[in-house]
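Here the structure is laid out as structure tokens; the discussion comes afterwards.
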2 protein chains.
Amino acid sequence: MNNKKITMNEIAKLVGVSQATVSRAINAPEKVKPYLREKIYSYIEKYNFLPNENAKSMRGVKSKILGLILFDLSNQFYLETIKYAEKVARKIGYTLILMNSEKDSKLELENIKILLSRNVEGILIAPVDNNNLKFLKETTSVPFVIINNFINNYPCVYTSTVKGGEIACDFLIKNNHKKIAYIGNLSNQTTEKFQGILKSFKKNNLSLNFLEKINFDTSKMDKIQLENYFSKNTFSSTGIIASNDEVAYLFLQSLEKIDKDFLKTMTLVGFDNTIISSLLNFSSIEQPIEELIEKSIEILFSKKNTSLSVELIPKLIIRN
Amino acid sequence: MNNKKITMNEIAKLVGVSQATVSRAINAPEKVKPYLREKIYSYIEKYNFLPNENAKSMRGVKSKILGLILFDLSNQFYLETIKYAEKVARKIGYTLILMNSEKDSKLELENIKILLSRNVEGILIAPVDNNNLKFLKETTSVPFVIINNFINNYPCVYTSTVKGGEIACDFLIKNNHKKIAYIGNLSNQTTEKFQGILKSFKKNNLSLNFLEKINFDTSKMDKIQLENYFSKNTFSSTGIIASNDEVAYLFLQSLEKIDKDFLKTMTLVGFDNTIISSLLNFSSIEQPIEELIEKSIEILFSKKNTSLSVELIPKLIIRN
DNA sequence: TTGTAAGCGTTATCAT
DNA sequence: ATGATAACGCTTACAA
């Protein structure tokens with residue numbers, strides 16, 4: 001086992017040429033005489049020479065590194081994101097550095113700085129703190145794209161959750177559900193999924209009397225909230241939209257103790273099309289993650305548009 | 001927005017000292033007079049100076065980069081692996097480069113070479129091709145650890161699947177199941193899970209007559225195989241071990257069409273403790289992924305042991 | 001076609 | 001305590 005990596009210089013000496021010639025043989029083969037070139041190649045092979053990317057990058061060669069900063073690696077959705085980010089990066093010859101900011105603004109900033117100090121060519125970020133974006137924009141020239149979220153004045157690629165809510169609701173209405181319930185966090189003003197539902201109601205000329213709102217604290221994720229609701233209210237909706245698959249799952253669980261026959265008449269739509277909806281066989285709104293990553297990287301490298309955003313349309317995966 | 005990153009040299013000029021002094025202020029503050037030091041710091045702050053890691057690495061400073069090469073990023077298990085690898089790496093001040101070899105030997109080698117050319121300090125790898133390991137071992141001095149697999153003569157950290165099978169079977173026997181079935185790929189000789197079951201049978205003095213083998217081609221993953229089996233054979237086992245949660249799920253599905261009451265009497269154990277077993281509420285054998293990563297990185301950086309391997313013991317997660 | 005040499009941004013050794 | 005300078009491995013004018 002060689003203890004040190006062989007350098008261009010050493011290859012050059014071995015071959016009996018100057019180091020510049022070795023460099024040329026690699027980067028501009030046509031400028032090196034075939035005989036020499038082949039000889040150089042053979043030594044490169046023999047000694048497993050690999051050019052030092054750090055040295056190249058010092059000479060102004062692009063780093064070919066992409067950074068991906070997510071705030072959560074537990075979530076199935078972000079794990080898919082990683083998969084495609086690596087795939088797309090690799091396809092265009094880039095290496096992916098993955099970081100988790102754990103929803104911590106300070107950690108997010110640290111991660112950004114690490115990426116900058118490693119000369120990444122671009123950053124995909126699911127951001128935690130707008131100040132960090134401001135930092136990126138104002139003090140660096142490294143391009144970045146916000147994924148899966150819309151933040152004004154920054155380049156974003158995200159799936160329209162409003163549209164998602166609308167599609168889900170349209171589907172239920174089209175399937176003759178006369179009363180529709182939304183289960184999700186309604187304390188927040190920006191419940192876009194719910195807004196999509198409202199849109200659908202308006203579009204279909206339905207009275208909001210037929211819309212049931214079930215507030216669910218998604219930070220807690222315990223089904224007792226739902227059981228409480230069902231014990232206090234008569235639940236008459238047959239079309240149900242849950243703010244995500246997990247919530248839908250909790251809904252199903254709490255349902256089991258309340259009304260079993262109901263299962264047959266109702267239609268449930270979740271969000272994110274995770275393994276949950278696929279296993280439990282209910283419909284779900286899917287985000288086009290691969291497209292999201294592709295678009296993000298496309299924007300990342302398109303010089304001109306500094307704050308162009310792209311909104312993607314989600315897709316309803318219909319089950320049973 | 002600054003168009004170029006500020007360098008140490010520029011900071012030095014701004015402060016009115018030599019570049020070496022700025023370097024010292026950062027790396028050996030005690031060697032710089034407090035007044036100057038603070039002045040330098042203030043400029044570093046002001047201009048958001050970040051040292052160029054590539055340049056540092058050229059001077060022999062460690063890269064603080066870890067590489068993680070997996071052959072599949074769809075699998076829930078490997079996605080967990082990523083999460084912990086990033087976490088542990090970050091905790092010890094390292095940056096993680098993630099790569100997918102897609103079960104392709106050539107791609108795996110490419111990935112390895114990219115990591116080497118980026119001067120990674122160590123590589124965690126779920127390998128595809130032993131030749132690539134040989135390459136790593138014989139032509140480089142970069143330490144690497146094989147995760148989640150045992151390969152002779154290489155440092156490995158893995159969970160004993162034999163033990164997993166044994167634990168699962170012990171559990172079923174202890175819960176008075178008189179006949180036990182294993183569903184999984186039995187065409188392969190190295191079905192370690194099955195070997196663990198055999199061990200448990202021997203240990204518990206049970207005749208192998210009470211062990212039912214259901215061969216399941218896990219590369220296909222369609223439940224028709226199981227339905228076929230059940231239509232041809234009388235299935236009398238009440239303790240069932242599936243080679244993983246997904247197989248267990250398919251088993252449950254095919255069961256629905258065959259015998260519903262059976263559900264109450266049987267006990268099912270899967271592997272990997274994924275969201276499937278948690279949702280469908282059956283027991284599962286869990287791998288200690290965080291420990292696996294921690295051990296791997298520990299071994300990676302422990303100079304002396306070149307081919308020390310660590311076997312971890314999985315844990316049974318009991319449900320319903 | 002090939003070689004010489006400067007320079008990228010650091011660290012570290014040597015003077016001062 | 002500070003500055004000048006060499007060196008890390010490479011790319012790229014420029015010279016030969």
Side-chain angles (χ1 to χ4, degrees), chain A residues 2-41 43-44 47-65 113-114 116-121 140, chain B residues 2-41 43-44 47-65 113-114 116-121 140:
Chain A
N2 308 343
N3 240 353
K4 259 202 108 29
K5 264 167 64 180
I6 195 164
T7 69
M8 226 170 193
N9 218 322
E10 293 168 305
I11 292 285
K13 276 179 193 143
L14 255 26
V15 180
V17 294
S18 80
Q19 183 252 72
T21 303
V22 178
S23 176
R24 269 189 295 257
I26 293 170
N27 301 307
E30 72 282 1
K31 292 187 180 169
V32 178
K33 251 196 188 144
Y35 166 74
L36 257 189
R37 199 200 303 153
E38 292 311 321
K39 192 169 175 195
I40 289 170
Y41 288 166
Y43 275 82
I44 287 179
Y47 290 93
N48 286 300
F49 165 73
L50 291 170
N52 182 330
E53 287 299 323
N54 292 337
K56 282 169 77 171
S57 133
M58 289 217 50
R59 284 288 331 190
V61 175
K62 301 248 169 268
S63 73
K64 294 269 180 184
I65 297 181
K113 288 185 173 172
I114 290 172
L116 294 175
S117 71
R118 295 199 180 283
N119 300 298
V120 292
E121 282 185 56
T140 81
Chain B
N2 308 341
N3 239 353
K4 258 202 110 32
K5 264 167 66 180
I6 195 164
T7 69
M8 229 168 183
N9 219 320
E10 294 167 304
I11 292 286
K13 275 176 194 146
L14 255 24
V15 180
V17 294
S18 80
Q19 185 251 62
T21 303
V22 178
S23 177
R24 268 190 297 257
I26 292 170
N27 301 305
E30 72 282 0
K31 291 187 179 168
V32 177
K33 252 197 187 142
Y35 166 72
L36 258 188
R37 199 199 302 154
E38 293 310 321
K39 192 170 176 195
I40 289 169
Y41 288 165
Y43 275 81
I44 287 179
Y47 290 94
N48 285 301
F49 165 73
L50 291 170
N52 183 330
E53 288 298 323
N54 292 337
K56 283 168 77 170
S57 135
M58 289 217 49
R59 285 289 329 187
V61 175
K62 302 248 169 268
S63 73
K64 294 272 183 181
I65 298 181
K113 286 184 174 172
I114 290 172
L116 293 174
S117 71
R118 294 200 181 281
N119 301 299
V120 293
E121 283 185 56
T140 81

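The sequence lines fix the lettering, A, B, ..., with proteins before strands; numbering per chain opens at 1.
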In whole Å, I'd like the distance from the [atom1] atom of [X] to the [atom2] atom of [N].
| X | N | atom1 | atom2 | value |
| --- | --- | --- | --- | --- |
| A:Asn119 | C:dT10 | CG | P | 9 Å |
| A:Asn9 | D:dT11 | CG | P | 12 Å |
| B:Lys13 | C:dT10 | NZ | P | 12 Å |
| A:Ile40 | C:dT2 | CD1 | C1' | 10 Å |
| B:Lys31 | D:dG3 | NZ | C1' | 14 Å |
| A:Ile6 | D:dG9 | CD1 | C1' | 13 Å |
| A:Glu10 | D:dG9 | CD | P | 7 Å |
| A:Arg37 | C:dT1 | CZ | P | 9 Å |

> Of A:Gln19 and B:Met8, whose nearest nucleotide on DNA chain C comes first from the 5' end?
Replying inline: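 That would be A:Gln19.
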Between [X] (side chain only) and [Y] (backbone N and O only), is there a donor and an acceptor less than 3.5 Å apart?
| X | Y | value |
| --- | --- | --- |
| B:Lys39 | B:Gly16 | no |
| B:Arg24 | B:Val32 | no |
| A:Tyr41 | A:Ala25 | yes |

Is there a side-chain contact between [X] and the phosphate of [N], meaning an N or O under 4.0 Å from OP1 or OP2?
| X | N | result |
| --- | --- | --- |
| B:Ser23 | C:dT11 | yes |
| A:Asn27 | D:dT11 | yes |
| A:Ser18 | C:dT2 | no |

What does [X] touch in the nucleic acid at a heavy-atom separation under 4.0 angstrom: a base, only the sugar-phosphate, or nothing?
| X | result |
| --- | --- |
| A:Ile11 | nothing |
| B:Lys56 | sugar-phosphate |
| B:Glu53 | nothing |
| B:Tyr35 | nothing |

So which nucleotide from [options] ends up closest to the side chain of [X]?
| X | options | answer |
| --- | --- | --- |
| B:Arg24 | D:dT11, C:dT13, C:dG3 | C:dT13 |
| A:Arg59 | C:dT10, D:dG9, C:dT2 | D:dG9 |
| B:Thr21 | D:dC8, C:dT2, D:dT2 | D:dT2 |
| B:Pro51 | C:dA5, C:dT10, D:dT5 | C:dT10 |

> Rounded to the nearest 0.5 Å, what separation is found between the CD1 atom of B:Ile26 and the CD1 atom of B:Ile44?
Replying inline: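 These two atoms lie 4.0 Å from each other.
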> Can you name the closest pair of heavy atoms from B:Glu30 and B:Arg37 and give their distance?
Replying inline: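 The answer is CA-NH2, 4.4 Å.
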> Which pair of heavy atoms, one from B:Asn54 and one from A:Arg118, lies closest together, and at what distance?
Replying inline: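 The pair with the smallest heavy-atom distance is ND2-O, 4.1 Å.
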> Which residue lies toward the 5' end of DNA chain D, B:Val17 or B:Ala55, if each is placed at its nearest nucleotide?
Replying inline: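 This one resolves to B:Val17.
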